[in-house]
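Contents: one structure, followed by commentary.
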Amino acid sequence: MTDSTEAPTYRRSLSPSRAGDFQNCPLLYRFRTIDRLPEPASPAMVRGTLVHAVLEDLFAEPAPVRTLERAVDLLPSEWEQLRQSDPRTAELFTAEQAAEETAWLASAIDLLTTYFTMEDPRYLEPAAREERVSYEPEPGLSFGGIVDRIDVAPDGRIRVVDYKSGASPNPAFEGKAIFQMRFYALVIWRTRGVVPSLLQLMYFGDGQFLRYEPTESDLVHTEAKLLALWSAIERAIELRDFPPRKSGLCRFCAHQALCPAWGGTPPELPLLQIASPS
């Protein structure tokens, strides 16, 4: 009698977030991408999602009404949509925590207020918002993700914009933030044939910009780095070996109780087969 159970197929794809996970801690990559372990929603994470949603809808409004007042008006309905779409979000505040919820929403208004000190959306017409972009560097392998905003000038120059609800990073950690943007710039270059002129991160936590002007050689190097990273991921799958990597980020990890570096035991790794190139 043959066993009809087949190993689940692992799709060959990589996003900036998952690339960052593997670089920071291969075990975290496994927990999130292979085991797909649930993680509780944090107030800071959900607030960032809420502010992103407000700005996306704000740009759908006619330019003259894209004001701070209108953005604040959009908050309640966007918050209700988030609560309905994600059970974790709905459980963020109980009925007895109305005061905490009010203060939390006020902090979202603070972030929107800071955004309006950084640019005036009445004078911008994004070419794309929350745009899913992807390409195949080799058959069957996809690099991609969702870009917050793409601006295209009349002369064809492209600016890639990413919103961050936290504060700008220490200069020693700027490289990790720029890596994410180079990833998006690479995908846009490969799909549109134009190297973006500017990568811009906007930090609403302190009103700071982080800007970078990529070159074609930058993006060729980024592509080579990502291909090497994917090879390392496939090797980890083949060897069934995703070692933990202790760092200061561990204190933010939702899976510390399952991590061997902290005395835990991970769940059994399922058998996997990597999807063949089509």
Side-chain angles (χ1 to χ4, degrees), residues 9-24 26 28-29 32-34 36 48-49 52-53 55-56 59 119 124-166 169 173-203 209-237 274-278:
T9 300
Y10 183 74
R11 196 163 62 92
R12 303 175 76 236
S13 65
L14 192 62
S15 70
S17 297
R18 298 295 79 83
D21 286 345
F22 192 84
Q23 289 175 305
N24 291 328
L28 176 61
Y29 172 90
R32 286 178 167 170
T33 309
I34 297 175
R36 298 185 179 275
T49 301
H52 274 68
L55 291 179
E56 181 185 5
F59 275 107
E119 66 180 14
L124 295 168
E125 290 298 339
R129 310 185 311 278
E130 298 296 319
E131 177 89 348
R132 183 174 292 278
V133 296
S134 66
Y135 86 107
E136 291 191 353
E138 58 184 48
L141 173 61
S142 174
F143 289 165
I146 299 175
V147 182
D148 288 345
R149 201 176 86 208
I150 300 173
D151 299 334
V152 180
D155 61 4
R157 287 176 300 146
I158 295 175
R159 177 172 64 182
V160 183
V161 180
D162 196 58
Y163 305 134
K164 300 294 185 185
S165 56
F173 298 100
E174 287 181 354
K176 290 185 177 181
I178 292 296
F179 172 75
Q180 174 191 356
M181 298 301 283
R182 280 178 174 159
F183 188 116
Y184 289 136
L186 168 65
V187 177
I188 290 170
W189 175 42
R190 290 303 193 195
T191 54
R192 298 191 180 206
V194 178
V195 174
S197 300
L198 183 66
L199 311 179
Q200 177 174 288
L201 293 104
M202 304 176 68
Y203 290 92
F209 291 93
L210 180 56
R211 296 185 173 103
Y212 185 80
E213 298 179 5
T215 64
E216 188 171 311
S217 61
D218 283 339
L219 302 187
V220 169
H221 176 74
T222 298
E223 187 172 51
K225 182 175 182 179
L226 289 171
L227 287 169
L229 184 63
W230 179 255
S231 293
I233 291 171
E234 288 197 325
R235 183 66 174 163
I237 293 172
I274 297 174
S276 301
S278 55

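From a predicted model like this one, the values you see are computed outputs, not experimental measurements.
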ask   = Does the pair Glu119 and Met202 meet the rule for a side-chain contact (heavy atoms from CB on, under 4.5 Å), with working shown?
value = CA-CA 10 Å; Glu119 66 180 14; Met202 304 176 68; 3.7 Å; yes
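- In this structure, CG in Leu186 is found 13.0 Å from CE in Met181, a value given to the nearest 0.5 Å.
- Here the shortest heavy-atom pairing between Leu14 and Ala19 reads CD1-N, 3.8 Å.
- The heavy-atom pair separating Pro16 from Gly144 by the smallest distance is CD-O, 3.5 Å.
- Between the OG1 atom of Thr222 and the CG atom of Leu229 there is a distance of 12.0 Å, given to the nearest 0.5 Å.
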task = Apply the test side-chain contact (heavy atoms from CB on, under 4.5 Å) to residues Tyr184 and Val187: give CA-CA distance (whole Å), side-chain angles for both, the deciding distance (0.1 Å), then the verdict.
result = CA-CA 5 Å; Tyr184 289 136; Val187 177; 5.5 Å; no
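- In this structure, the side chains of Leu28 and Asp21 come closer than 4.5 Å at one or more pairs of heavy atoms.
- Taken to the nearest 0.5 Å, the OG atom of Ser13 stands 10.5 Å off from the CD atom of Glu136.
- Counting only distance, with no hydrogens or angles, the side chain of His52 and the backbone of Tyr163 share a donor-acceptor pair below 3.5 Å.
- One finds the CD1 atom of Ile150 at 4.0 Å from the CD1 atom of Ile188 (value rounded to the nearest 0.5 Å).
- Other residues, nucleotides and ligands place more than 12 heavy atoms under 6.0 Å from the CD atom of Glu130.
- The closest donor-acceptor contact from the side chain of Arg12 to the backbone of Pro139 lies under 3.5 Å.
- Between Phe183 and Phe143, the ring planes are tilted. Angles from 30° to 60° get that label.
- For the atom pair CD of Gln180 and CG of Leu199, the computed distance is 10.5 Å after rounding to the nearest 0.5 Å.
- Ser15 and Ser17 share no side-chain donor-acceptor pair at under 3.5 Å.
- Residues Arg192 and Val152 come closest through the heavy atom pair NH1-CG2, 3.9 Å.
- A cation-pi arrangement is present between Arg182 and Tyr212 under the rule of less than 6.0 angstrom and at most 45 degrees off the ring axis.
- Pairing each heavy atom of Leu210 with each of Pro169, the nearest pair is CD2-CG, 4.5 Å.
- Rounded to the nearest 0.5 Å, atoms CZ (Arg149) and CG (Leu124) are 5.5 Å apart.
- Looking only at side-chain heavy atoms (C-beta outward), Glu223 and Leu226 stay at 4.5 Å or farther from each other.
- The two residues Ser134 and Ser142 have their closest heavy-atom pair at CB-OG, 3.8 Å.
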